[in-house]
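Structure record follows, encoded as structure tokens.
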Amino acid sequence: MNQHVDVLLINIGQLLTMESTGPRAGKEMQQLTVIEDATVAIANGKIAFIGTSESAEPFKSEKIIDCQGKLVTPGLVDPHTHVVFGGSREHEMALKQQGVPYLEILKQGGGILSTVKQTREASEDQLYEKARFHLDRMLSYGVTTVEAKSGYGLDVETELKQLKVAKRLHESHPIDLVSTFLGAHAIPYEYKNNPEAFLKEMLAMLDHIKEEELAEFVDIFTETGVFTVEQSRDYLAEAKLKGFDLKIHADEIDPLGGTELAAELGAISADHLVGASDKGIEMLAKSGTIAVLLPGTTFYLGKETFARARKMIDEGVTVALATDFNPGSCPTENIHLIMTFAALKLKMTPEEIWNAMTVNAAYAIGRGDTAGQLVVGREADIVIWDAPNYLYLPYHYGVNHVNSVFKRGKIVSKRRDIIEDTLSTKS
Ligand SMILES: N=CN[C@@H](CCC(=O)O)C(=O)O
Ligand SMILES: [Zn+2]
């Protein structure tokens, strides 16, 4: 008897399974399992079959989707975003054009601190609606799992408000959200002359955050004029003792040594890394700390020098890519654009880019076992692309290539009606 499944995707031109037993480091990032002329069967929200059409057993389904030779992949994972925030910062564009540096705007009370003011003023519901709008857009780009940082409160009440919004969105939005506590994102005005006392106040929140399951990771912005390497080390060591995995905004603008610190503390990821030293890169390769690179930010900050992705990969580092979506240094949800930046500015190959946005991105936020791969028995988070092959996305830039997005086997975003759903049986 033909096995009954809920959805059958047939006539897939190219299928990337991204199947992997762990994060892919260095040269392994060149590996890609590509199945030509493939079929995927979905039952109870999970993948029931994946393979060539020829090898597919006869299935029965009320929903057969003819993929018309298109590319099909796992849902993308965005492992570094600041998606919950109030307001916007378009007025900073003119300052940028005049050449005022990012850290100077922050020093003058703008930048992150401007978003802090707007986030403090917003109600929980306002923040929820605004973040939902941005998440809908991310979903439309084929992103099915997202990391979300707090860090625009810099006080107990607003940091908790942001984390609660992320939790509510995780429960209500098709995208899965993974939360990071970034209370140490900047020094608030109230603590201008006493950053240590501020860090203490943020650390005092950790027990409550753990109890209420409001975040899995603790992050800090280690940067000139923000937190020093020494302050970051003490802060993160304490967070680790309290059972949190660690992340660092490391060497984004000035090469202070945040990369080395991330490796030393066994952080799950070190993010940005534009100024990472040779030693830092070597240490990342040894510690297995994932390098989350954010070329959209480097572009938007108007920098000429990008993170040394080639050196990292050549030396055996595990690299992931993310949008860094936020209202200041990278206001875009367009992860396809990040693919193109990764190709042209980081000189990453298409194979490395796909690994960096699926398998490795999932491992960078502790979701390696559930997201970023299409494997029998896993949840069916799948994207059908209006593209003939995986090379096409970094190549044709600046636009949205998604045809349809499935989350747990259900279509949650459908941009084009060219796929025919037919009521029939394939045997
Ligand atoms: N650099 C620190 N944090 C963010 C930017 C936040 C902002 O400018 O609002 C980042 O990752 O780029
Ligand atoms: Zn960030």
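Remember, it's 1-based here, ligands and their atoms both numbered in the order they're listed.
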**Asked** Can you give me the NE2-the Zn ion (ligand 2)-OD1 angle for H82 and D324, to 10°?
**Response**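 Angle NE2(H82)-the Zn ion (ligand 2)-OD1(D324): 80°, rounded to 10°.
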**No-hydrogen, no-angle side-chain donor-acceptor test under 3.5 Å, S123 and D125** =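 No donor-acceptor contact under 3.5 Å links the two side chains.
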**Message:** Tell me which one of W385, Y392, F341 satisfies ring pair (Phe, Tyr, Trp, His ring centres under 6.0 Å) with H336.
**Reply:**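 So the option named by the test is W385.
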**Asked** Does the ring centre of F85 sit less than 6.0 Å away from the ring centre of H134?
**Response**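 Ring centroids of H134 and F85 are less than 6.0 Å from each other.
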**Prompt:** Among E19, Q373, M29, which residue meets the side chain to side chain contact (heavy atoms under 4.5 Å, CB included) test with V359?
**Reply:**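 Option passing the side chain to side chain contact (heavy atoms under 4.5 Å, CB included) with V359: Q373.
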**Asked** Could D207 and K242 be called an ion pair, given the rule that one side-chain N must be under 4.0 Å from one carboxylate O?
**Response**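 So D207 pairs with K242 through a salt bridge.
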**Message:** I'd like to know if K161 pairs up with E157 as an ion pair, taking the criterion as any Lys NZ or Arg NE/NH1/NH2 lying under 4.0 Å from an Asp or Glu carboxylate oxygen.
**Reply:**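 E157 and K161: not salt-bridged.
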Please give the N or O to N or O pairs under 3.5 Å between ligand 1 and the protein, distances rounded to 0.1 Å.
from, atom 1, to, atom 2, distance (Å)
ligand 1, 1 (N), E252, OE1, 2.6
ligand 1, 3 (N), H185, NE2, 2.8
ligand 1, 8 (O), R89, NH2, 2.9
ligand 1, 8 (O), Y102, OH, 2.5
ligand 1, 9 (O), R89, NH1, 2.9
ligand 1, 9 (O), R89, NH2, 3.4
ligand 1, 9 (O), Y152, OH, 2.6
ligand 1, 11 (O), H82, NE2, 3.3
ligand 1, 11 (O), H249, NE2, 3.1
ligand 1, 11 (O), H272, NE2, 2.8
ligand 1, 11 (O), D324, OD1, 3.0
ligand 1, 11 (O), D324, OD2, 3.1
ligand 1, 12 (O), D324, OD2, 2.7
ligand 1, 12 (O), S329, OG, 2.6

**Prompt:** Can you list every side-chain hydrogen bond (donor to acceptor under 3.5 Å, both in side chains) pair that touches residues 313-322, not counting sequence neighbours?
**Reply:**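 Qualifying pairs: K311-E315.
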**Request:** Find, among atoms of H249 that are N, O or S, the one nearest to the Zn ion (ligand 2), and state its name.
**Result:**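 Per the distance ranking, H249 contributes NE2 as its closest N/O/S atom to the Zn ion (ligand 2).
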